[in-house]
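Here the structure comes first, spelled out in structure tokens, and everything after it is commentary.
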Amino acid sequence: MVNKTEKIPGKPLCVAGFRIFRGALVPRAQSRVLGDILQVIEQAPLFSPMTPYGRKMSVRMTSAGRLGWYSDRSGYRYVDRHPSGTSWPSIPDSVLEIWQVFLPDAPQPESCLVNYYGEGARMGLHQDRDEGDFSFPVLSVSLGDDALFRMGGTARRGKTSSIWLKSGDVVVIGGAARLAYHGIDRIRSGSSSLVPGGGRVNLTLRVVR
DNA sequence: TAGTAGCT
DNA sequence: TTGA
């Protein structure tokens with residue numbers, strides 16, 4: 001069991017409306033969540049989607065929950081099946097607990113996107129706008145290697161700023177930041193030993209509707 | 001531990 | 001362009 005106090009740090013660091021909770025999960029909580037996510041990956045193996053422009057994404061991903069994020073030549077969307085045809089595994093309780101602590105007044109998340117960043121993986125600047133409802137924040141959990149997180153505004157060409165996210169950090173992307181551009185520029189390979197085989201696992205929890 | 005960016 |  002993860003202690004609630006373990007997940008509540010001091011004041012969040014706020015960058016461009018992104019609320020960053022440094023060290024929200026203590027190492028023991030990180031291990032528990034990662035263990036649960038490795039089980040999700042066993043049931044629903046990681047895959048690298050194709051962008052609508054025909055490029056293979058460097059990030060490998062899968063999902064848990066009713067809906068999972070997917071991309072191919074037809075575009076970005078949420079689907080109710082893994083590419084293998086099976087339903088997505090349910091979202092682990094350890095993960096739902098984090099949502100509950102940070103967003104007690106929000107409905108339960110319907111999607112937990114699991115992104116795995118190996119050495120050299122990146123994710124370009126983008127908006128999370130494939131959901132049908134933007135009323136609720138997106139919650140991100142970082143596990144494993146450090147990642148250079150880039151944040152902008154709602155305009156594609158606006159100013160951006162970056163911060164290194166570390167294992168155990170939680171980012172709440174809501175309010176003014178809900179439709180703000182963001183991405184991962186670089187992974188500091190080998191900076192954490194949490195993930196077996198190395199790399200970074202990022203979880204993004206969302207109300208999709 | 002280039003870069004807590006930015007341009008095309 | 002969830003990319004280079």
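So you know, we letter chains A, B, ... as the sequences are listed, proteins then strands, and number each from 1.
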What integer distance in Å separates [X]:[atom1] from [N]:[atom2]?
| X | N | atom1 | atom2 | answer |
| --- | --- | --- | --- | --- |
| L125(A) | dG3(C) | CG | P | 11 Å |
| Y117(A) | dG3(C) | OH | P | 9 Å |
| W164(A) | dT1(B) | CH2 | P | 12 Å |
| Y181(A) | dC7(B) | OH | C1' | 16 Å |
| M151(A) | dG6(B) | CE | P | 12 Å |
| R122(A) | dA4(C) | CZ | P | 6 Å |
| L179(A) | dT2(C) | CG | P | 14 Å |
| D185(A) | dA5(B) | CG | P | 10 Å |

Just N and O in the side chain of [X]: are any of them under 4.0 Å from OP1 or OP2 of [N]?
| X | N | answer |
| --- | --- | --- |
| R186(A) | dT4(B) | no |
| T160(A) | dG6(B) | yes |
| Y53(A) | dG3(C) | no |

What I'd like to find out is whether the side chain of L203(A) reaches to under 4.5 Å of the side chain of L113(A), using heavy atoms alone.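 No. Closest side-chain heavy atoms not under 4.5 Å.
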
Nearest-nucleotide comparison on DNA chain B, the residue closer to the 5′ end among D146(A) and R157(A):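 This one resolves to D146(A).
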
Could you tell me which nucleotide pairs with dA4(C) by Watson-Crick or G-U wobble geometry, both distances under 3.5 Å, or answer none if nothing does?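 Per the H-bond distance test, dT8(B).
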
Under a 4.0 Å N-O cut-off, is there an ion pair linking [X] with [Y]?
| X | Y | answer |
| --- | --- | --- |
| R186(A) | D146(A) | no |
| R22(A) | D169(A) | yes |
| R209(A) | D133(A) | yes |
| R77(A) | E131(A) | no |

Mind checking if [X] touches a base, just sugar-phosphate, or nothing, with heavy atoms under 4.0 Å?
| X | value |
| --- | --- |
| S71(A) | nothing |
| G183(A) | nothing |
| R129(A) | nothing |
| I184(A) | nothing |

How far, in whole Å, is dG6(B) from dA2(B) if one measures between their C1' atoms?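 Going atom to atom, C1' in each nucleotide, I get 16 Å.
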
Determine the Euclidean distance between corresponding C1' atoms of dG3(B) and dC7(B); express it in Å to zero decimal places.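 Here dC7(B) and dG3(B) have their C1' atoms 16 Å from each other.
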
Which listed nucleotide ([options]) is nearest to the side chain of [X]?
| X | options | value |
| --- | --- | --- |
| L148(A) | dT4(B), dG3(B), dT1(C) | dT4(B) |
| D130(A) | dT4(B), dT2(C), dG6(B) | dT2(C) |
| R188(A) | dG3(B), dT2(C), dT1(B) | dT1(B) |
| R55(A) | dA5(B), dT1(C), dA4(C) | dA4(C) |

Hey, what's the ring geometry for F102(A) with F21(A), parallel, tilted or perpendicular (30° and 60° as the breaks)?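 Aromatic pair F102(A)/F21(A) classed perpendicular.
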
Between the base of dG6(B) and the side chain of R150(A), is there a donor and acceptor pair under 3.5 angstrom?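 Counting by modelled atom types and ignoring angles, a donor-acceptor contact under 3.5 Å is found here.
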
If stacking means aromatic ring centre less than 5.5 angstrom from the base's six-membered ring centre, planes under 30°, is W69(A) stacked on dT2(C)?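 Base of dT2(C): stacked against W69(A).
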
